[in-house]
Every structure is written in C-alpha cells, then in structure tokens.
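First comes the structure, then the notes that go with it.
Residue numbers begin at 1 in each chain, while the letters A, B, ... track the order of the sequences. In what follows, every heavy atom counts, from backbone to side chain, and hydrogens, waters and symmetry copies are set aside. For clarity, every value in this text was computed on a predicted model and none was experimentally measured.
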Number of protein chains: 2
Amino acid sequence: MDNDTRHVLFRFFNEIGIIAQLSRSAMEARLPKGLTLPHFSVVNHLVRVRDGQTPLKLAKAFQVPKTTMTNTLSGLLDRKLVEMRPNPEDGRSKTVWLTEKGRSFREEAIRSMDPDLTAIGTNFSTDQIAELLPVLAEIRAFMDAQRD
Amino acid sequence: MDNDTRHVLFRFFNEIGIIAQLSRSAMEARLPKGLTLPHFSVVNHLVRVRDGQTPLKLAKAFQVPKTTMTNTLSGLLDRKLVEMRPNPEDGRSKTVWLTEKGRSFREEAIRSMDPDLTAIGTNFSTDQIAELLPVLAEIRAFMDAQRD
DNA sequence: ACTATTTAGTTCGATATCGCACTAACTGGA
DNA sequence: TCCAGTTAGTGCGATATCGAACTAAATAGT
C-alpha cells in the first residue's frame, strides 16, 4: 500500500477521532451530572425511531455489547428517564419506553446544546458540512459491513 | 437556530462518532491483547514527532487529563515499549523515550492494519477522502479552540 | 532569602466499557 | 413430549477514563 495513501487515511481517522472526542465532551458538559453521551443518544434514538424496543435491539443499533447497554439503561432507569415493560412476544425479553421525564430531558438537552451548534453553524458553511455527509455515511456503512 | 441546520450538524457528529468507534475497535482488534488505541497513538506520536517529551505535553497533545496519560504510559512501561528518564530541565518532570521494542511494535502494528486500510483505499477514492481533510481539520481546530 | 503560588506527576475513588459465564426462556428436531 | 442448542438479559471481574486531592519541585513577589 502506497505510503501517501496510508498517511491520508491515518490523518483522516485521526481527525475523526479527535472531533468525536471533542464533540463528546462538549455534549457531556451540557448534560446533567452523571449522564453521558450514550444516555442521551439512547433517549434521542427512542424519540426519533420509536420507543418500545428491546435492549438487544438498542445494543445493536449502537453497536455496543449488550452488557454495555444494560449498564446504560440502568442509569436511565435510575433517573426514571425510561421504563421497562415485559415483552409480550418473548418472556426472556423486555421493552424500553420513554417516560415524560425522558422526553423533556431530551428536549432540554437539545436546547442546551444549541449554543455550541450555533457557534459551528455560524463559523462554517452548513452546506459544506452537509456535503460531507454522503461520503461519511458511505465510509461508515462500509466499515460497518466489514466488522465481523 | 434553524431546524434543518441542527439536523445536519447532529447527523454529522453522529457519523463522526460511529466512524471513530468503528475505526477504534478495528485498530484494537489488530493490536496485541491488552494494548489499546491510546497506547498505539502515543507510541506513534513519539515516532512521528519525537520522543523525549514530558507526560504532560503528551496529555495536552491528546487532550486527555494527565491522570489518563499516567495510566496509558504505565501500560507502555510495563511492556517496555517506552522508558522514562528524568527531565534535566525540571526536577518534577520526566521524559518519555521509545525503546527498540516500542519502535518495532509500532511498525508491526502499522503493518497489521494495512489490510483494513487497503480495503478502504480500494473501495473509496483516496482523493475524495483527502479532500475532506481540510474541512475536518478546520472543524477540529475550531472546536479545540472553543473548549475551555 | 523566604514564603505563597503554581506546576508535574501520582494515588485514589467513582464510573464506563466489555468479555465471560450464568439463568431463564424460546426453538427445532427426534 | 423431550432434550439440545440458541437467545435475551444480567452479574461479575478486569481495565480505561478522569476528577479530586496529594507530594515534590519550581517560580514569583516581597
């Protein structure tokens, strides 16, 4: 493999990693103490997609081991942002539902992140960022398919 | 803030986060058991930039708390991939140096990642990825400046 | 020179991630 | 109707991350 190519890819993943790290800590700085990005992400996912999903399905959606999802969900349960109900279709399983508190937590969190997003939106062309999305999505999909 | 804009930015950071997660686990799958991405990154940094830096300087370069760097370095020390020497310019401080084992570890690690990088290099236009770098670097630099 | 403040690094405790192993429940084949 | 194998979720132990508090050394102000 070409040395320049390797270098480009290394830099690419390096930039990606740093931005991910910075955005994560920026988001967590806005969340109530004790809540992390995964907590928000799960609640957000339940709003955007739909609630009532099983923990395993969530673990797969976020590509984390199910033990990690168990842990994340227990934090949300402790704070009553979600609740569990039995899965009528499978006695081993559960379903995860948003509470009112969970929905308002999400809205509040999104609102609190607005200043940071606005800062980026005003300093960068949103169109330019939007143009990155297809490439990023392709790369993400490819890597996702590779992992196994 | 415009709802569409918010959505674009959310998706952007979401894609970034997923790619970071996937690339991290892909890399770690290639590393010797017990070594993580930060371990590799530090060794790689010492080769690319130069060794003999202080732990604090490394912590700042990677934007992690110094306690995290202490922990990462202790893993590298245990495996004799780096060694510490006193800092002649500051009695409180240390300097971190690569060992021969550290250098060959880095080369071996890079070699072992080649298949994965090649897969991406052949399925995507490297030029296209290279074009993303300036934008990503700008965003990274902006966010970096924001955090405080 | 002396003291207060700052700085480099570590220790400690809390929490997140995640592999392994376990239980309970479902499924498929005789 | 059994039983073997699979699947959903959890408990536990190991390690990573990181804030708070500490020690030792440097520095700044007087």
Does [X] make a side-chain N or O approach to OP1 or OP2 of [N] shorter than 4.0 Å?
| X | N | answer |
| --- | --- | --- |
| B:Thr70 | C:dT10 | yes |
| A:Thr67 | C:dG19 | no |
| A:Ser93 | D:dG9 | yes |

- Check if the side chain of A:Lys94 and the base of D:dG9 share a donor-acceptor pair of N or O atoms closer than 3.5 Å.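 Checked by distance alone, the answer is no.
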[atom1] of [X] versus [atom2] of [N]: gap in Å, rounded?
| X | N | atom1 | atom2 | result |
| --- | --- | --- | --- | --- |
| B:Leu73 | C:dT10 | CG | C1' | 12 Å |
| B:Phe62 | D:dT17 | CZ | C1' | 15 Å |
| B:Arg24 | C:dA16 | CZ | P | 16 Å |
| B:Leu77 | C:dT10 | CG | P | 9 Å |
| B:Asp78 | D:dA16 | CG | C1' | 14 Å |
| A:His39 | C:dT17 | NE2 | P | 8 Å |
| B:Leu56 | C:dA8 | CG | C1' | 6 Å |
| A:Met69 | C:dG19 | CE | P | 14 Å |

- Query: How do B:Glu89 and A:Lys60 order along DNA chain D: which one's closest nucleotide is nearer the 5' end?
  - Reply: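 By nearest-heavy-atom nucleotide position, the 5'-most residue is A:Lys60.
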- Message: Between A:Arg30 and A:Glu28, does any NZ, NE, NH1 or NH2 come within less than 4.0 Å of an OD or OE carboxylate oxygen?
- Response: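 A salt bridge is absent here (no side-chain N lies under 4.0 Å from a carboxylate O).
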- Message: Does this structure show an ion pair linking B:Glu83 with B:Arg85, if we count only N-O contacts that are shorter than 4.0 Å?
- Response: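 Judged by the 4.0 Å cut-off on N to carboxylate O distance, B:Glu83 and B:Arg85 do form a salt bridge.
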- Task: Remember a base hit wins even if backbone is also touched, and classify A:Asn71 as base, sugar-phosphate or nothing at under 4.0 Å, heavy atoms.
- Result: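 Base, at least one base heavy atom under 4.0 Å.
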- At under 4.0 Å between heavy atoms, what does A:Asp90 touch on the DNA or RNA strands: base, sugar-phosphate, or nothing?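 Sugar-phosphate: the residue A:Asp90, judged by heavy atoms under 4.0 Å, touches backbone atoms but no base.
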- Please name the pair of heavy atoms, one in B:Val82 and one in B:Leu77, separated by the smallest distance, quoted to 0.1 Å.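 Smallest interatomic distance, heavy atoms only, reads O-CD2, 3.4 Å.
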- Task: For the pair B:Phe40 and A:Phe10, name the ring-plane relationship: parallel under 30°, tilted 30 to 60°, perpendicular over 60°.
- Result: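 Rings of B:Phe40 and A:Phe10: tilted, as their planes differ by 30° to 60°.
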- Message: If you assign each of A:Thr72 and B:Lys57 to its closest nucleotide in DNA chain C, which residue comes earlier from the 5' end?
- Response: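 Taking each residue's closest nucleotide, the earlier one in sequence belongs to B:Lys57.
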- B:Phe62/B:His45 aromatic ring centres below 6.0 Å: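 Yes - the distance between ring centres of B:Phe62 and B:His45 falls below the 6.0 Å cut-off.
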- Compare the minimum distances between each of C:dA25, C:dT10, C:dT17 and the side chain of A:Arg92, then state the nucleotide with the smallest one.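 It is C:dA25.
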